[in-house]
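Quick notes on the structure that follows.
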There are 2 protein chains.
Amino acid sequence: MTRRLTTIKDIAKALGISVATVSRAMRDTYDVSAETRKLVLDTATKMNYRPNFNATGLVKSGTHKIAVIIPAITNYYFSTVITGIQEYALEHNYQVMLYLTNDSAYWETKVVRELSLSSVDGLLACITYETTDFSHFEELVEVDMPLVFFDRVPESIKTSAVVQDDYTGACMATEHLIAQGYSKIAHLAGPRGLNLTQQRLRGYLDTLKKHNLESYGVIHSGFSDENGREDMVTLFDSPLKPDAIFSVNDRKAFGVILWLREHNIRVGEEVGVIGFTNDPTSKIISPSLSTIAEPAYEIGRKSCEVLIRHIQKQTYPRQEISLPTELVVRESTRR
Amino acid sequence: MTRRLTTIKDIAKALGISVATVSRAMRDTYDVSAETRKLVLDTATKMNYRPNFNATGLVKSGTHKIAVIIPAITNYYFSTVITGIQEYALEHNYQVMLYLTNDSAYWETKVVRELSLSSVDGLLACITYETTDFSHFEELVEVDMPLVFFDRVPESIKTSAVVQDDYTGACMATEHLIAQGYSKIAHLAGPRGLNLTQQRLRGYLDTLKKHNLESYGVIHSGFSDENGREDMVTLFDSPLKPDAIFSVNDRKAFGVILWLREHNIRVGEEVGVIGFTNDPTSKIISPSLSTIAEPAYEIGRKSCEVLIRHIQKQTYPRQEISLPTELVVRESTRR
DNA sequence: TCTGGTTTCGATAACGTTCTCGCTACTATT
DNA sequence: AATAGTAGCGAGAACGTTATCGAAACCAGA
């Protein structure tokens with residue numbers, strides 16, 4: 001009825017030795033003879049022994065678990081980041097606990113607050129675009145819980161962070177549009193307050209200024225393709241119609257392309273479109289979408305690496321890592 | 001230096017009562033007066049107390065954690081299933097540990113074998129398409145570890161399973177093609193051995209037979225769009241060219257559509273294409289892809305529900321649940 | 001033979017909870 | 001007034017592991 005697992009005690013009893021010896025034999029070989037060690041290991045596998053992490057965690061106050069808190073995983077970027085996190089974690093014998101906030105600040109605070117501090121060694125977080133109050137995270141740093149943010153990072157709270165180079169990426173996108181001969185460029189920005197929307201907006205504006213160009217509109221909204229469509233309506237409702245769109249991300253750019261197609265406006269020739277992410281769908285959509293490729297997988301691995309270093313050494317200094325992006329030219333910016 | 005969390009003992013000392021009373025006050029109100037209970041709860045929040053799951057897990061041999069083992073999360077179906085799992089789990093106070101196998105049987109066995117049995121209450125698994133030896137899962141059922149499979153289930157091992165109705169879905173897809181006037185239908189199947197490729201293949205073949213039609217080819221390969229392209233090459237290399245393609249999934253169908261477009265074959269009019277999944281990209285690709293919609297989110301929720309029932313009642317009978325699919329007609333099957 | 005130093009092991013106390021008793025004090029019943 | 005019952009609480013064991021300390025056994029050197 002109740003699952004009865006073999007414990008270290010059972011092995012000790014079976015071999016007629018003490019639990020202490022078994023425990024020692026299990027991990028490092030010091031203080032235990034080679035033969036008893038082998039004996040213990042053999043009977044352990046024979047009895048199908050699995051260590052009880054609750055017990056080890058209790059005494060060594062360190063579970064080998066990290067929590068990942070992320071708005072969603074149903075898009076290319078996030079799911080790829082998680083994949084990177086997961087792989088690095090598993091390679092280093094850490095296990096990943098997944099928490100989805102669904103971009104709701106309520107759920108985020110709830111999850112973080114209820115998270116049993118004793119059940120994870122550290123936290124990897126990407127905030128929702130609603131979050132403005134970060135006290136739930138601040139409580140964590142107060143008790144010295146290792147915490148690193150990725151992609152979306154709150155500026156007020158001083159911990160390590162791993163992001164892509166949003167500013168330079170935005171500059172590259174805008175430069176590319178200008179180089180292709182577009183001059184009336186609008187920007188579909190992300191939700192206000194997010195570091196990444198600010199950086200990408202700044203890159204866009206700075207590049208325009210550098211070339212003495214005026215902005216043809218900046219609209220803040222969400223990340224979905226539906227948001228892209230909606231923004232196009234308001235954008236093309238004005239007398240000053242842009243001849244190019246720089247979208248804060250690919251999904252929104254998909255909406256832009258679909259809208260343009262529906263209105264028989266030739267994408268590329270008449271209106272150029274560039275996104276940000278390099279979602280696989282950008283190759284599939286027609287015309288294919290030019291974009292700024294984000295190193296999502298590497299961001300996952302790197303942020304996990306930084307977190308584990310923080311866990312293993314309290315003195316590991318705070319990191320602010322920015323990974324390079326890359327321009328990918330496709331049909332949507334070809335005249 | 002070492003994170004020192006407030007324990008139940010600290011609260012007891014602060015209030016001058018015993019740990020037992022604090023422990024009781026923490027959970028249910030029985031055997032403790034309302035006022036002490038309130039007192040305990042207040043000082044608990046005041047001292048920022050968080051329960052130590054290692055300790056509770058140790059004594060009650062039950063962590064509130066479930067493990068999810070899945071080939072990947074970088075596609076619509078899997079990421080949506082995980083979302084469903086995650087939401088149901090969180091609603092019922094269970095936490096999710098994520099393990100990615102990357103469709104490698106080696107990693108799958110490794111992960112399952114190294115999984116500390118004591119650190120999770122149950123397992124939710126979707127096998128890789130490589131897995132043929134299921135002994136690592138059988139070892140789990142031997143020690144009565146609750147285990148339920150979803151989507152891809154091994155037939156040899158008798159546990160609960162939650163899937164979409166692959167057979168009926170394939171019938172619907174084939175019926176639809178026939179109703180649209182296509183008669184030379186080929187099937188791009190999934191990897192051999194997987195239950196879902198068998199079911200979808202069987203649905204396709206049975207429906208053809210029902211209408212006295214011949215198969216215009218069945219090719220087994222992987223799930224990617226690249227696989228779809230490759231299969232089209234071999235398919236159109238033969239003298240018997242099909243006029244419709246039923247793909248085992250959407251991603252592969254995307255490859256088919258791209259290939260057809262590149263070869264100037266009009267999708268829909270000349271060659272009909274239907275997929276399986278209802279990936280959001282199927283709306284974005286042009287022409288848009290007809291498909292069989294899978295209830296991915298519900299599969300996640302349902303399989304999690306079944307697992308938790310198994311965890312909470314050992315006598316809960318084995319379930320084999322099959323959720324309905326739905327035909328979604330778009331441009332790729334319109335003549 | 002005695003001393004001192006290894007090597008190998010065992011007893012036992014932790015870790016933070018929950019659980020099983022049992023004890024007190026109060027209330028209700030006769 | 002005596003007894004039974006109950007509400008509220010505390011003492012201590014248990015969960016499976018690691019860490020600390022010390023004991024035995026052996027060996028070498030004197």
**OP:** Give, for atom OG1 of B/T83 and atom CG of A/L100, the distance between the pair rounded to the nearest 0.5 Å.
**Re:**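 So the gap between those two atoms works out to 5.0 Å.
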
Subject >> Pairs involving residues 90-105 of chain B, ordered by first then second residue, that meet salt bridge (Lys or Arg N to Asp or Glu O under 4.0 Å) (sequence neighbours left out) >> reply: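 Matches after skipping sequence neighbours: B/E91-B/R301, B/D103-B/R152.
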
Tell me the interatomic distance from [X], atom [atom1], to [N], atom [atom2], rounded to whole angstroms.
{"X": "B/E35", "N": "D/dA7", "atom1": "CD", "atom2": "P", "value": "16 Å"}
{"X": "A/I11", "N": "C/dG10", "atom1": "CD1", "atom2": "C1'", "value": "17 Å"}
{"X": "B/L15", "N": "D/dG10", "atom1": "CG", "atom2": "P", "value": "10 Å"}
{"X": "A/L58", "N": "D/dG16", "atom1": "CG", "atom2": "P", "value": "12 Å"}
{"X": "A/L39", "N": "C/dT8", "atom1": "CG", "atom2": "P", "value": "15 Å"}
{"X": "B/I17", "N": "C/dT24", "atom1": "CD1", "atom2": "P", "value": "20 Å"}

Original post:
Excluding sequence neighbours, so at least two apart, what forms side chain to side chain donor-acceptor pair (under 3.5 Å) with B/Q164?
Top reply: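 Per chain and number, B/Q164 pairs via side chain to side chain donor-acceptor pair (under 3.5 Å) with B/Y77, B/D151, B/D166, B/E294.
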
Original post:
Of all residues at least two apart in sequence or in a different chain, which pass the side chain to side chain donor-acceptor pair (under 3.5 Å) check with A/S79?
Top reply: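 With sequence neighbours excluded, A/S79 shows a side chain to side chain donor-acceptor pair (under 3.5 Å) to no residue whatsoever.
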
**OP:** Going 5' to 3' through nucleotides 17-23 of chain C, assign each nucleotide B (protein heavy atom under 4.0 Å from a base atom), S (under 4.0 Å only from sugar-phosphate atoms) or - (no protein heavy atom that close).
**Re:** BBB----

**OP:** If a pair satisfies ring pair (Phe, Tyr, Trp, His ring centres under 6.0 Å) and one of its residues is in residues 126-146 of chain B, list it, with sequence neighbours excluded.
**Re:**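 Sorted result for residues 126-146 of chain B: B/F137-B/F149.
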
**OP:** Could you tell me whether the phosphate oxygens of D/dG10, OP1 or OP2, come under 4.0 Å of any side-chain nitrogen or oxygen in B/T21?
**Re:**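 Yes, B/T21 has a side-chain N/O under 4.0 Å of OP1/OP2 on D/dG10.
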
Subject >> By salt bridge (Lys or Arg N to Asp or Glu O under 4.0 Å) - contacts of A/E138 (at least two apart) >> reply: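 Partners of A/E138 by the salt bridge (Lys or Arg N to Asp or Glu O under 4.0 Å) criterion come out as none, since no residue qualifies.
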
